[in-house]
Structures are given as C-alpha cells and as structure tokens.
Number of protein chains: 2
Amino acid sequence: MIRLGKLTDYGLVLMTCIARAQSQDGNLHTARDLAKVSRLPLPTVSKVLKELLRSGLLASHRGIKGGYSLARDAHEVSLAEIVSALEGPIALTECSTDISGLCDLERCCPIKSNQQIISQIVKGALEKVMLSDLVQPLQLTAIKDASGKLVPTIGYLSGRMQ
Amino acid sequence: MIRLGKLTDYGLVLMTCIARAQSQDGNLHTARDLAKVSRLPLPTVSKVLKELLRSGLLASHRGIKGGYSLARDAHEVSLAEIVSALEGPIALTECSTDISGLCDLERCCPIKSNQQIISQIVKGALEKVMLSDLVQPLQLTAIKDASGKLVPTIGYLSGRMQ
DNA sequence: ATTAAATAGCACTGAACTGGTACTATATAG
DNA sequence: CTATATAGTACCAGTTCAGTGCTATTTAAT
C-alpha cells in the first residue's frame, strides 16, 4: 500500500473542516474547536496545525480570541501541497528526489529516470485536486486521451451522490 | 513523501531486469544472477522474488538449472500490480480500503468518499504504466482533457533521451 | 542412487520511523 | 494583570520494515 501517514490524513480532514467552516462564518478556528469537530485528540490536532502553518497553508493569530484560518482560498490549495507540507516532497522512492547519495544504485540504477517520471505522474494527479474539491463530493470520471485510452480524472456531480 | 518501501523499489528494479534479459535470451534467471546484475544483496533479492512469485507475477522452476521468469508478457503487467504485490492494496490511507473498523472517524469522517476517489486517481495513474514501459526510457507528456486542462501522461521518446 | 544447486517457507532480530505527549515560551484581548 | 491561545522543542513508546538465517523440497547431472 502506498502509505500516507495518519498525520497527513488528519491534515486533510482538518483543512477540509476549516475550509467548510470558513465558507460559512469566515472566523478563526481554535485548535480546540477543530479537535471537537474532527473528533481528533487535541494535542495531535495542534501538532498538525503547526506543521500546516509552517508550510504557509494556514495563517494564525495568537492570544485570546486567536486561532487558525486558511492562508489562501480553498480553490488555490492543491492536495499535493497539503501532502507535501506533512510528508515532504512527493516522491515514491527516495531515488526519485533530487537529493543524491541516498541510493547505492545511483550510478547504475536501471530505472532511475523512469521512477522520477512515475512520481511525477502521481504528483500531477494530486495537483489536480484542490482543497475546495474536498468540501463537496467528487465523482470519478474518465476521459479519452489522444490515443483513445481512458484517463481517470475527477469532476463534480450534477446530482447527489450520497 | 508518499512512501514506497525499499523492497517494492527493489521489486521494480528486479522485474525490469528480468524483462530486459528475457526479451534477449528468454531463459530463466536465478536469484544469484539477478542479485549480481541489480547489485542488490542476494537474500533480499530472494525474498522479493518469492513475494512476486506468490502474487503470480513470476513463474519459477526449482532445482539445479532452475530460476525465475515473467509469468506474463511485460506489456501485460502494470506498475499497479507490482506495487500491490509488494505493498498490498493501493490506497493512500487505511480508510480508503474496504476494510472497516480501522478508523475511529468511520462513522462521521467528512472526507471518506473523497479519499477513496483520490486513491483511485493514484491507482489509475499506476495502472497506465506497464512493465514494458520501464524497459525503455519514458517521457512525460501532457494531453488536454475535455475541459482543456492539461493532464499528465506518458509516452515513448522518438529520439534518444539519455 | 547420490550430489550439487536452486527455490519454498518459515521465524527472528535490530533499527528506524511515526504517532502521540509533555513542557515551556510567547503573544494578546479584555 | 490575567486568562487563553498559539510556538517551539524535546521526548517516549509502539509498530513497522529491512535484512538475515535456517531448514525443507525439488531437480538436473553424474
């Protein structure tokens, strides 16, 4: 299984919660409130929010009446950014990053260039989905590429899905 | 970083090695030979090959003059299959699998259905790349979908890349 | 038949990573 | 000045993973 850490999962949930609430009241949201809404333990929520802040995806305000809010509009934040913020650069293997010296095979690895491309494919897929898309239900659809093959993509539902 | 275990990485390298060699001589390949070619430690290579065998991606022949070979043509094995064989079902989070009871939020998780779709996107991307594609260099290209957006995809190089 | 070489299938271990927690410092509204 | 919130760091425990070792089984060649 291609793993995404639990904290990243929480991050997606929290960002979605903030985006949902913010579209309604536009206020700041304390870690305490978000923990209650998301039903996640407060310390963990706090930790994740700090990470998201550090990456510039959230804005914060200290002191009493403080809290967190989205730094950008939900339409302008991709899943790739959220994942990168909590997991580091998106790459399927260490070899796929630009950092060298991580892999013994580096000199002669037969598939290095291909791996980078594979990572790019996955990254591209995540870049296509925006935070705003998570606020409302999505539907998986497919389009045909130049050669007639089906390419999975996403789109909004015209009716209700669930 | 979306992680793929080292063993899975090795699996991709080994499958590629076998596919490359097989297209030339068509013989069986012993774990020992593959370890030498891939420059990976023999015990680990052996372990990975056993896994790939168990998943039906490889065929084996015991005894002296034994070895491994591809169970299917390289054109008919997708990366998704290789990854699944070594990592389990492709899903970005446990929530995305069909197994229930793994997540406390299950009852009220606000983005469960979306997560399943996200996993599907990534899985779809991996299903589009076949083992045979790894044997020769790939190039990342982009096509336009119905709405005019660019969709990352892959294609062969007309010239030399490296 | 015997032997050598190869896969099959365990079970084990050491290390790294991750999720989670605690504590202290800092800022701010009232 | 105080209560409440974030900021930052450091730490701990559990789990997972890569890697190893050992034994059984199969098979070709002698």
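We name chains A, B, ... by the order of the sequence lines, and we start the count at 1 in each one.
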Taking C:dA8, D:dT6, C:dG19 as options, the one with an atom nearest any side-chain atom of A:A31 is D:dT6

5'-most contact on DNA chain C: A:P43 or A:G63, nearest heavy atom basis?
-> A:P43

Separation of C:dT7 atom P from B:L58 atom CG, nearest Å, is 11 Å

B:K50, nearest nucleotide to its side chain (from D:dA28, C:dG20, C:dG9) | C:dG9

Atom-pair distance (CG on B:L4; C1' on D:dA18), nearest Å = 14 Å

Classify the side chain of A:K65 and the base of C:dG30 as holding, or not holding, a donor-acceptor pair under 3.5 Å.
-> no

Between P of D:dG8 and CG of A:L49, the distance in whole Å | 13 Å

Rounded to the nearest 0.5 Å, how far does OG of A:S60 lie from CG of A:L49?
-> 10.0 Å

Over how many whole Å does the gap from B:H29 atom NE2 to C:dA6 atom C1' extend?
-> 15 Å

Less than 3.5 Å between a donor and an acceptor, one on the side chain of A:R62 and one on the base of C:dT28, is that the case here?
-> no

May I ask you to verify if any side-chain N or O of B:S46 is less than 4.0 angstrom from the OP1 or OP2 atom of C:dT7?
-> no

Answer yes or no: does a side-chain N or O of B:T30 lie under 4.0 Å from OP1 or OP2 of C:dA5?
-> no

Main-chain N/O of A:A80 paired with A:S84 side-chain donor or acceptor, under 3.5 Å | yes

How many angstroms lie between NE2 in A:H29 and CZ in A:R20, if you round to the nearest 0.5 Å?
-> 12.5 Å

Is the count of non-hydrogen atoms from other residues, nucleotides or ligands lying under 6.0 Å from B:R32 atom CZ greater than 12?
-> no

Here the distance between atom C1' of C:dA6 and atom NE2 of B:H61, to the nearest Å, is 10 Å

Side-chain N,O (B:R32) to OP1/OP2 (C:dA5) below 4.0 Å | no

How close or far is atom P of C:dA6 from atom NZ of B:K36, stated in whole angstroms?
-> 11 Å

Of B:I64 and B:T8, whose nearest nucleotide on DNA chain D comes first from the 5' end?
-> B:T8

Contact nearer the 5' end of DNA chain D, comparing B:K47 with A:K47 | A:K47

Rounded to the nearest 0.5 Å, how far does NE2 of A:H75 lie from CG of A:L70?
-> 11.5 Å

Under 4.0 angstrom between A:Y10 side-chain N/O and C:dT18 OP1 or OP2 = no

From B:I82 CD1 over to B:L58 CG, what is the distance, rounded to the nearest 0.5 angstrom?
-> 9.0 Å

Determine: side-chain N/O of A:R54 to OP1/OP2 of D:dA7, distance under 4.0 Å, yes or no.
-> no

Rounding to a whole Å, what distance do you find between A:L28:CG and C:dA27:P?
-> 18 Å

Would you kindly give the CG-to-C1' distance between B:L34 and C:dA6, to the nearest whole Å?
-> 13 Å

With heavy atoms under 4.0 Å as the rule, sort A:L53 into base, sugar-phosphate or nothing.
-> sugar-phosphate

Out of D:dA18, C:dG20, C:dT7, which nucleotide sits closest to the side chain of A:T44?
-> C:dG20

Among C:dA8, D:dT20, C:dG19, the nucleotide that comes nearest once only the side chain of B:Y68 is considered = C:dA8

